[in-house]
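Take a look at the structure below.
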Amino acid sequence: LAERPTDRPLVTTAVPHMQVQVGPRVSVHDQLFRAALALPDVENRPAFVVGARDLWLPDRLLRTPEGAGPAAARGVGHIHADGSLHVRLPEARIRDAVNARWGARHPSLEDYILLFTPQSMAELEITFGLLVESYNHVTGRDIETEDYLPPPAEPLPSTTPRQVWAVIGEPRYHDEPECVALRKQA
């Protein structure tokens, strides 16, 4: 997973779990919604989170673990009004995404991650790729990102971000011992 080239936003460390002071790029946000809602069988439904939209799936398609919480029970996740997303991913992929600065762990759901608002079409390609991985994870399907989102005109830059914002209560980079220690503190 490529490292995210833009600054990591401030994130709350409790529920509601969200970015702070980040707005969507209109053209990127529009493309995110169009691509997400084009995924097979995904329905646009109101979320229990104010201003968010659920990426809802019929029960027959879900491989939801027994005892999963209500946030994980009905689909892939949800898109917030600011363009960030909460999605379900396997633990190893959550670690990859956090280490590469694409998201932050959910404070109370183990298989949930907040993916930061993509700030360019190149960032959207990575974010949407993680959304497709989540879709495949919860459905058992094997769809390809390229079938639902055209590649960006310009690739991600290889420059280092100018600033990395501290995330309250969470280190910038994670490794397994730190992740486990953070979960035990919560």
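Please read all numbers here as calculations on a predicted model, not as lab measurements. All heavy atoms count here, side chains included; hydrogens, waters and symmetry mates do not.
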Worksheet entry | For Pro118 against Gly83, the heavy-atom pair lying closest together | CD-O, 3.6 Å

Fill in: Close side-chain approach of Arg101 to Glu3, heavy-atom, < 4.5 Å
yes

Worksheet item: Which heavy atom in Pro24 sits nearest to a heavy atom in Ala81, and how many Å separate them?
Response: CG-O, 3.9 Å

Worksheet item: Should the pair His17 and His106 be assigned to parallel (<30°), tilted (30 to 60°) or perpendicular (>60°) ring geometry?
Response: perpendicular

Practice prompt. Check the pair Leu57, Tyr135 against side-chain contact (heavy atoms from CB on, under 4.5 Å), reporting the backbone distance first and the verdict last.
Written response: CA-CA 10 Å; Leu57 289 167; Tyr135 176 91; 4.0 Å; yes

Worksheet entry | Electrostatic pair Asp111-Arg105, nearest N-O below 4.0 angstrom | no

Discussion item. With a 3.5 Å distance limit and no angle check, can you tell me whether Asn136 reaches the backbone of Ile143 through a side-chain donor-acceptor pair?
Written reply: yes

Worksheet item: If you take all heavy atoms of Leu1 and Ala97, which pair is closest and at what distance?
Response: CD2-CA, 3.6 Å

Worksheet item: Between the main-chain N or O of Leu149 and the side-chain N or O of Thr145, is there a donor-acceptor pair closer than 3.5 Å?
Response: no

Item to complete: Kindly work out whether a path of hydrophobic side-chain contacts (I/L/V/M/F/W/Y, heavy atoms less than 4.5 Å apart) joins Leu39 to Phe33.
Response: yes

Fill in: Pairwise side-chain contact, Leu55 with Leu131, heavy-atom cut-off 4.5 Å (strictly under)
yes

Worksheet item: Quick one: does Leu89's side chain get under 4.5 Å of Tyr112's, heavy atoms only?
Response: no

Worksheet entry | Steps toward side-chain contact (heavy atoms from CB on, under 4.5 Å) verdict (Tyr148, Arg34) | CA-CA 9 Å; Tyr148 300 92; Arg34 288 176 190 273; over 6 Å; no

Worksheet, complete the sentence: Note: Asp82 and Gln19 closest approach over all heavy atoms is OD2-NE2, 3.0 Å

Discussion item. Assess whether a salt bridge exists between Glu110 and Arg88, defined as any Lys/Arg side-chain N lying under 4.0 Å from an Asp/Glu carboxylate O.
Written reply: no

Worksheet item: Between Trp102 (side chain) and Glu123 (backbone), is there a donor-acceptor pair under 3.5 Å?
Response: no

Worksheet item: Just by distance, do the side chain of Asp30 and the backbone of Val26 share a donor-acceptor pair under 3.5 Å?
Response: no

Practice prompt. Step by step, work out the side-chain contact (heavy atoms from CB on, under 4.5 Å) result for Gln31 and Phe128.
Written response: CA-CA 10 Å; Gln31 188 69 29; Phe128 186 70; over 6 Å; no

Discussion item. Using side-chain contact (heavy atoms from CB on, under 4.5 Å), reason through Leu61 and Arg141 one step at a time and then give a plain yes or no.
Written reply: CA-CA 9 Å; Leu61 297 177; Arg141 291 179 172 173; 3.2 Å; yes

Worksheet entry | Partners passing side chain to side chain contact (heavy atoms under 4.5 Å, CB included) against Asp147 (at least two apart in sequence or in another chain) | Glu144

Discussion item. Test of understanding: clusters of I, L, V, M, F, W, Y form through side-chain heavy atoms closer than 4.5 Å, transitively. Do Val87 and Leu37 belong to the same one?
Written reply: yes

Fill in: Beyond-backbone contact of His86 with His80, side-chain heavy atoms, under 4.5 angstrom
yes

Fill in: Heavy-atom side-chain proximity of Leu114 to Leu85 below 4.5 angstrom
no

Worksheet item: Which pair of heavy atoms, one from Arg4 and one from Pro9, lies closest together, and at what distance?
Response: NH1-CD, 3.8 Å

Fill in: Option passing side chain to side chain contact (heavy atoms under 4.5 Å, CB included) with Gln119 (candidates Val22, Val28, Thr127)
Val22

Worksheet item: Where the side chain of Thr139 meets the backbone of Leu62, is there a donor-acceptor pair that is under 3.5 Å apart?
Response: no

Item to complete: Hey, could you give me each pair passing salt bridge (Lys or Arg N to Asp or Glu O under 4.0 Å) that has a residue in residues 126-139? Not counting sequence neighbours.
Response: Arg93-Glu133

